[in-house]
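What follows is a single structure, and I will ask about it in a moment.
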Number of protein chains: 2
Amino acid sequence: MALAHAILVSLLDRPHSGYDLAKRFDQTVGYFWKASHQQIYLELHKLAESGLISAERVVQDVRPNRIVYQLTALGEDALHSWIEEPTEPPSYKEELLVKLFALGTADPAVLLNEIGKRLHFHEQRLAHYQQVMQAHYPVPEKLSARKRGHYLGLRLGVLFEESVVRWCQEATSMVSPLASAAVKSAKPRSAKPAIRKTGTRRKTL
Amino acid sequence: MALAHAILVSLLDRPHSGYDLAKRFDQTVGYFWKASHQQIYLELHKLAESGLISAERVVQDVRPNRIVYQLTALGEDALHSWIEEPTEPPSYKEELLVKLFALGTADPAVLLNEIGKRLHFHEQRLAHYQQVMQAHYPVPEKLSARKRGHYLGLRLGVLFEESVVRWCQEATSMVSPLASAAVKSAKPRSAKPAIRKTGTRRKTL
DNA sequence: TGTGGCTATGCAATATTTTGCATATTGAAA
DNA sequence: TTTCAATATGCAAAATATTGCATAGCCACA
């Protein structure tokens, strides 16, 4: 139930509305913990019900009203005893690697294209992280305790992205010979163009 | 529904029983896709029902009987059209980083200990990956297409583990000054010993 | 002779996450 | 002037994942 805890640590910094949290989970915390707004709102209701956070309605005239949540003493305790519990290493679920496992029979060109898209994505994210790093944590040794925690999150992000970028480059050079070979031997696996109607999704599988 | 596909790519190599798959998901594929045996058995039933795989009961006298599954033509098609679909980058969920976000108020010694355990874990895993690398993929440039896919999975594993190991080291040197400072200022957050009754789990949070 | 581990499969209940939909206002752009 | 993006919150259904439990024989160890 770690989403609850991710919300609680966010509230440790300062009170947030669900909307705030949803945005925050698209940045900072979101670098290593994703959550949709639906999930956040649901979790906030649960947390409020169990007394770990308290809600306050803030009336706004220009914008829709907000419900701002803050930690209760109970919530702080719960958070800190959770922190004392042992932490399990996460499991990565990399769809792209699953696909690469089928490199023997799949069309290398398709996978090469996917790898290229990923390279771009991770380069962008790396650049973003590095920029935040420059702007907010130029001298890590001088940071306060609280900021060190945030810094270390970002730091792992940087290291990860660097790895993935490098991997994408290596993967490109290992897959592209297969793709060009496939072109030469003219053995197209499938002629259907990769048209994706956005919004549709296969139901059966 | 990527578990289904992770199963299908495994079956692409050769037929497997649920038990085989569960073990495989603790190795190779499991490096980047975890699944429990319950989930695997459930998924196998679904896949068999939708005709993507076929089941065959293998009678054994010494051991319990096994049910061996293999891909059908339908299954192969489904797998390959899934591969053509765009792939989303995964989201990492790192509990430890969530905890580190509370570094301002949490006990640094506890987190330092967790980081230490993680360092050990990832060093072990890195060593294991490197050993498999040596044993099975000594010269990546000479690998067949099929093996290249497997190699690239392992390769990302190595890069990841190297990053995390490095991060753990950096994190240790950034958190330990806080821990010793806390000892000096004698400000224990909680006196309760970190006893964990195995099998119990908090229900409310 | 009991205890535990490995092989092998599975059900049921709960928890978590995703997907789709719904509502309502403001301000800026086309 | 319609359309789009942003602000703000939420419900319901379906898909996925986790947790606990059950069965059952064989083998090794003490």
Side-chain angles (χ1 to χ4, degrees), chain A residues 1-7 15-27 30 33-50 53 55-69 88 90-93 95 98 197-205, chain B residues 1-7 15-26 30 33-50 55-69 88 90-93 95 98 197-205:
Chain A
M1 204 170 186
L3 172 58
H5 297 108
I7 289 174
H16 285 86
S17 71
Y19 190 81
D20 291 341
L21 286 167
K23 276 204 303 184
R24 213 169 190 245
F25 274 72
D26 250 8
Q27 306 156 23
W33 206 278
K34 291 270 171 238
S36 63
H37 80 267
Q38 292 91 336
Q39 220 186 322
I40 289 166
Y41 284 117
L42 187 69
E43 204 59 51
L44 283 171
H45 286 298
K46 285 192 207 165
L47 286 171
E49 209 176 333
S50 49
I53 60 177
E56 196 193 345
R57 163 158 258 116
V58 176
V59 180
Q60 299 185 123
D61 35 83
V62 181
R63 308 261 165 93
N65 295 339
R66 334 168 66 225
I67 302 171
V68 175
Y69 296 90
E88 296 301 317
S91 79
Y92 306 115
K93 301 208 164 182
E95 238 179 71
V98 175
K197 280 165 294 189
T198 46
T200 63
R201 221 152 261 278
R202 59 180 59 246
K203 286 292 166 199
T204 51
L205 182 62
Chain B
M1 206 172 186
L3 172 57
H5 297 108
I7 290 174
H16 285 86
S17 70
Y19 190 80
D20 290 341
L21 285 167
K23 277 204 303 183
R24 210 165 192 250
F25 274 73
D26 250 7
W33 206 278
K34 292 271 170 237
S36 63
H37 81 266
Q38 292 91 337
Q39 218 187 322
I40 289 166
Y41 284 119
L42 185 68
E43 203 61 50
L44 284 171
H45 287 297
K46 285 192 206 165
L47 286 171
E49 208 176 334
S50 50
E56 195 192 346
R57 162 158 258 116
V58 176
V59 179
Q60 299 185 124
D61 34 84
V62 182
R63 307 263 168 93
N65 296 339
R66 334 167 66 226
I67 303 170
V68 175
Y69 296 91
E88 295 302 316
S91 80
Y92 306 114
K93 301 207 164 181
E95 239 179 69
V98 176
K197 282 163 291 188
T198 46
T200 63
R201 222 153 259 277
R202 57 180 62 247
K203 286 292 164 198
T204 50
L205 183 62

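For the numbers below, each heavy atom of this structure counts, side chains included, while hydrogens, waters and symmetry mates do not. All values derive from a computational prediction rather than experimental measurement. Labels below follow one simple rule: chain letters A, B, ... track the order of the sequence lines, proteins then strands, and each chain is numbered from 1.
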### Task
Identify whether any heavy atom of B:Lys93 sits under 4.0 Å from a base atom; if not, whether one sits that close to sugar-phosphate; answer base, sugar-phosphate or nothing.
sugar-phosphate
### Query
Which sits closer to the 5' end of DNA chain C, A:Ala2 or B:Arg63, going by the nucleotide each is nearest to?
B:Arg63
### No-H, no-angle donor-acceptor pair, B:Gln38 side chain to D:dG20 base, under 3.5 Å
yes
### Query
Which nucleotide sits closest to the side chain of A:Ser17: C:dT19, D:dT9, C:dT16?
D:dT9
### Message
Would you say that more than 12 heavy atoms from the other residues, nucleotides or ligands in this model lie under 6.0 Å from the CD of B:Gln60, or not?
### Response
yes
### Task
Using a 4.0 Å heavy-atom cut-off across all strands, classify B:Leu42 as base, sugar-phosphate, or nothing.
nothing
### Task
Provide, to the nearest angstrom, the distance between the CG atom belonging to A:Leu21 and the C1' atom belonging to D:dT7.
15 Å
### Query
What pair of heavy atoms forms the shortest contact from A:Ala55 to A:Ile67, and how long is it?
CB-CG2, 3.9 Å
#### Entry: Any N/O donor-acceptor pair, B:His37 side-chain to C:dG10 base, under 3.5 Å
yes
### Task
Give the nucleotide from the list C:dT16, D:dG10, D:dT18 with an atom nearest to the side chain of A:His45.
D:dG10
### Task
Starting at atom NZ of A:Lys46, determine the distance to atom P of C:dA15, rounded to an integer number of angstrom.
8 Å
### Message
Rounded to whole Å, how long is the line connecting atom CZ of B:Arg57 with atom P of C:dA8?
### Response
13 Å
### Task
Find which nucleotide of DNA chain C each of A:Pro64 and A:Ala35 is nearest to by heavy atoms, and output the residue with the more 5' nucleotide.
A:Ala35
### Task
Measure from OH on B:Tyr41 to P on D:dT18 and round the result to the nearest Å.
17 Å
### Spacing of B:Leu3 atom CG relative to C:dT16 atom P, expressed in whole Å
19 Å
### Message
I'd like to know if the side chain of B:Asp20 and the backbone of B:Ser17 have a donor-acceptor N/O pair within less than 3.5 Å.
### Response
yes
### Message
Looking only at the aromatic ring of each residue, does the gap between the centers of B:His45 and B:Tyr41 stay below 6.0 angstrom?
### Response
no
### Query
Quick one: B:Lys23 NZ to C:dT7 C1', roughly how many Å, whole number?
8 Å
### Task
Apply the test side-chain contact (heavy atoms from CB on, under 4.5 Å) to residues A:Glu49 and A:Lys46: give CA-CA distance (whole Å), side-chain angles for both, the deciding distance (0.1 Å), then the verdict.
CA-CA 5 Å; A:Glu49 209 176 333; A:Lys46 285 192 207 165; 5.6 Å; no
### A:Tyr69 OH to D:dA8 P, straight-line distance once rounded to whole Å
14 Å
### Task
Tell me which nucleotide among D:dA8, D:dA17, D:dT16 gets nearest to the side chain of A:Tyr19.
D:dA8
### Query
Can you check whether A:Gln39 has a side-chain N or O nearer than 4.0 Å to OP1 or OP2 of C:dT18?
yes
### Query
Rounded to the nearest Å, what distance is computed from the NZ atom of residue B:Lys34 to the P atom of nucleotide C:dT16?
21 Å
